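To keep things clear, I will list the structure first and then write my remarks on it.
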Amino acid sequence: MNPKNKLAEMSIRPLLYTMAVPLMLSLLIQSLYNIVDSIFVARLSETALTAASLVYAIQFLMIAIGVGTAVGLNALLSRKLGQKKPEEACRAATTGLFLMLGTSLVFTLVGLLFSNRIAAALTNDPELQQLCREYGVDMNRFTKKDQSYHTDASMPHLVRDNSKCILCRRCVAVCQKNQYAGVIETCERGYDTHIACAFDMPLSETACVACGQCTAVCPTAALRERDDTDKVWAALNDPTKTVIVGPAPSVRAQLGECFGMPIGTNVEGKLVAALRRLGFDQVFDVDTAADVTIMEEGTELLHRLKEGGPLPLITSCSPGWIKFCEHYYPEFVDNLSSCKSPQQMFGALIKTYYAQKAGLDPKNIVVVSVMPCTAKKFEIGRDGQSAVGLPDVDVSITTRELADMIRRAGIMFPELPDEEFDPIFGIASGAGHIFGATGGVMEAALRTVAEIVTGKELARPEFQEVRGIAGIKEAEYDLAGTKVRVAVTSGLANAAKLLDRIKSGEAEYHFVEVMACPGGCVNGGGQPHQSGDVRNFTDLRSLRAAALYSEDEAMTLRKSHENPVVKELYAEYLGEPGSHLAHHILHTHYVKRGLYGKN
C-alpha cells in the first residue's frame, strides 16, 4: 500500500499548518535562546555582550548553510513527490541527511582547529581571551606541536608566546622607554621579524626585572602573566589546608574595572565578599602588614640617621625595583632597606604569629596574596623569604587573575554586598592604604617618623610634596632640628636618572622611595587591562590613586604606629620594632646580579 502523499492530496491551509508552523516554532526558540543568553551575558558587562556578539557572524553562517540546504532539499522533495517519483524523493532525502552530517562535521572541525584564528580575525581585544578563561577555554588543545615560535615560560611571572604577536612593538617601547631594561627588541627582518631577547635567549637569562609592564600593554596576550589560579583552586579544594588570602592596598581601587565599574571605584567591601564566596577560610588585609612595614622601615631609617649606615635608605616594597637595583645598580644594594615587602611580611606573620594564636601548623596553611604586580610572583621564590622554613607566601596572583576566578565561579561582582575583613589582620591605617600610590610609602613613613622624632602629633598628616604622578619628586623636612631630604620616583627609567644623580653627587638624600611601575602599584603590571585609547587619554594613575587617598582622608586611624593590631603584635610577640625576632621574621637580604646568565 502506497503511503499517503500530503503534498499531492492535502489542501493548502492544513498543509501550511503542519509544515510551516513547526519550522516557525524552531526559529522562534532559536531567537529566544539568543535573547535570553544575551541578557545573562550582559549582566557580566557590556564588553562581555560585545564579545558574545562576535560569534553571531559564525552563527548566521551556520544557519544560512543549514537553512539554505534544508529549503533546497524541501523544494526538491516537493518536486519529486509532485511528479510521483517517490524513489527519487527518498534518494534526495538520503543525500540531504549526508549533506547535513557532513556540514556539521566541517563546522565542528573548524571550531576545534581554527576558533582562535577566527577570534583573532574578528578582534584583537584581550578581553575576549578573559571571557574564554571564564568558561575554562584556557588554551588551544589542538595547537600544532611544531610551532614556529617556542613559548618562553622560563620566568615565574609571565609567559611569552610569539605565535600571537602582531609586532605592534608596545612591549619593546615600554621596556626600553619607561622601564630602562630593554631586554626585548625586534629581531631579524621581513617575514622573519619577531620580538625576542638578545640571541633569542630565554627571559630568565636576561636582566628582566619582572615588572610586567609589557603584559599590561600587549593587545593580544602574546605576553601574559603566568596563570597560577589552578594552584589556588587546588588549595581551596584541599580539606587539610587552611587557605588565607590577603589583597594589596591598590587592588581595591582597580578590581571594579574588570566588571565594568568606573575607573577609581573603591570596591573594598565587594572584594572581601567575593573572596569569601570563593571559599577562602580567612580574608585578611595586606594593608595591616604595610603598617608593620612602616614600623620596621621607620626604625631602620632612624637608626641609620643616628648610628650611621649607608644613606640614602631606599625602600624595598617593590620587588621589580629590587631586582632592577640588583642588576643595573648593584652599588646601591647596601642602601636598600632590609625590610621585607608588605606581601612577604604578611605571609611571614601568618605562618608565625597567627599560626601560634590560632593553633595551626604552618605546614597546613596556604597563604595567597592578590597583588597589582607580576614581580610578586618572582618575589615569593626569592631566598630569605621563609620565616619558618616554608615560603612566606605560597601563591601570588594578580588583580586580573582574581577577576578571572570570580567570573569562573559565576559570582556577580557588582551585586555583592559590602563586607569587612576578618579580625587580627583586618584593621589597617590610612597610611597602609596609600601604599598603592607613588609617594604613599614615603608619606606613611614620614607620618610615623615625624611624630617619633618630634614627640608631637602632626597638625595634618598629609605630605603633599611627595604626592602626584611626577616622575621624580623631592622635598626637605625639618624634624626637630634635623633636615631630612627625601625623594620619590616611579618608573625605572626615572629611577635610573635619580640614581645617576646620587652617584655623581649632584643630589643628596636621606630617604628615597622607588616604585618600579610608573605611578606606583595602581599602575602595576598585573592590574586590569585598558585599551590603548584609554591609556593614552585618561589619567589612570591619578584616578586610581584618588580612591586610596579618599579612603585615607575618611579615616580617623591614619598613622601606622597608632594601629591597635600593630601595637598588640609588638606587645605580645615581636617585642619592639627592630628587635631580634622582628629581624628574623620581617627582614631579608639581597644579591648583586649580572646582566646575563641565570638570574
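This is a predicted model, so every value here is computed, not measured.
For residues 370-389, every residue pair satisfying the side-chain hydrogen bond (donor to acceptor under 3.5 Å, both in side chains) rule, not counting sequence neighbours, is listed here: Asp228-Lys377, Glu326-Arg382, Ser341-Lys376, Ser341-Glu379, Gln343-Glu379, Gln344-Gln385, Lys376-Glu379, Lys377-Glu401. Identified under the salt bridge (charged side-chain N to carboxylate O under 4.0 Å, His left out) test for residues 185-194, with sequence neighbours left out: none. Identified under the side-chain hydrogen bond (donor to acceptor under 3.5 Å, both in side chains) test for residues 258-268, with sequence neighbours left out: Arg252-Glu268, Asn266-Glu551. The salt bridge (charged side-chain N to carboxylate O under 4.0 Å, His left out) analysis of residues 343-352, with sequence neighbours excluded, yields the pairs Lys351-Asp394.
With sequence neighbours excluded, the residues satisfying side chain to side chain contact (heavy atoms under 4.5 Å, CB included) with Cys339 are Glu296, Glu297, Glu300, Ser316, Ser337, Met345, His587. Under the side chain to side chain contact (heavy atoms under 4.5 Å, CB included) criterion, Arg170 pairs with Cys168, Val217, Pro219, not counting sequence neighbours. Residues passing the side-chain hydrogen bond (donor to acceptor under 3.5 Å, both in side chains) test with Gln530, sequence neighbours excluded: Glu257. Every residue two or more places apart in sequence or in another chain that forms a side chain to side chain contact (heavy atoms under 4.5 Å, CB included) with Leu336 is listed here: Ile314, Trp321, Ile322, Cys325, Tyr590. Residues forming a ring-ring contact (aromatic ring centres under 6.0 Å, His included) with His194 (at least two apart in sequence, or on another chain): Tyr149. A search for ring-ring contact (aromatic ring centres under 6.0 Å, His included) contacts involving Phe280 returns nothing, not counting sequence neighbours. Listed by chain and residue number, nothing satisfies the salt bridge (Lys or Arg N to Asp or Glu O under 4.0 Å) test with Asp291 (two or more places apart in sequence, or in another chain). By the ring-ring contact (aromatic ring centres under 6.0 Å, His included) test, Phe425 pairs with Phe284, sequence neighbours left out.
Salt bridge absent: Asp500 and Lys497 never bring a charged side-chain N and a carboxylate O closer than 4.0 Å. Remark: Lys473 does not engage Glu465 in a salt bridge, criterion side-chain N to carboxylate O under 4.0 Å. Residues Arg485 and Glu508 are not paired through a salt bridge, judged by the lack of any N-O separation under 4.0 Å between the basic side chain and the carboxylate.
A donor-acceptor pair under 3.5 Å is formed between the side chain of Asp152 and the backbone N or O of Leu203.
Between the side chains of Thr193 and Thr186, not a single donor N or O lies within less than 3.5 Å of an accepting N or O.
For the pair Cys165/Arg160, no side-chain contact is recorded, criterion being any heavy-atom separation below 4.5 Å from C-beta on.
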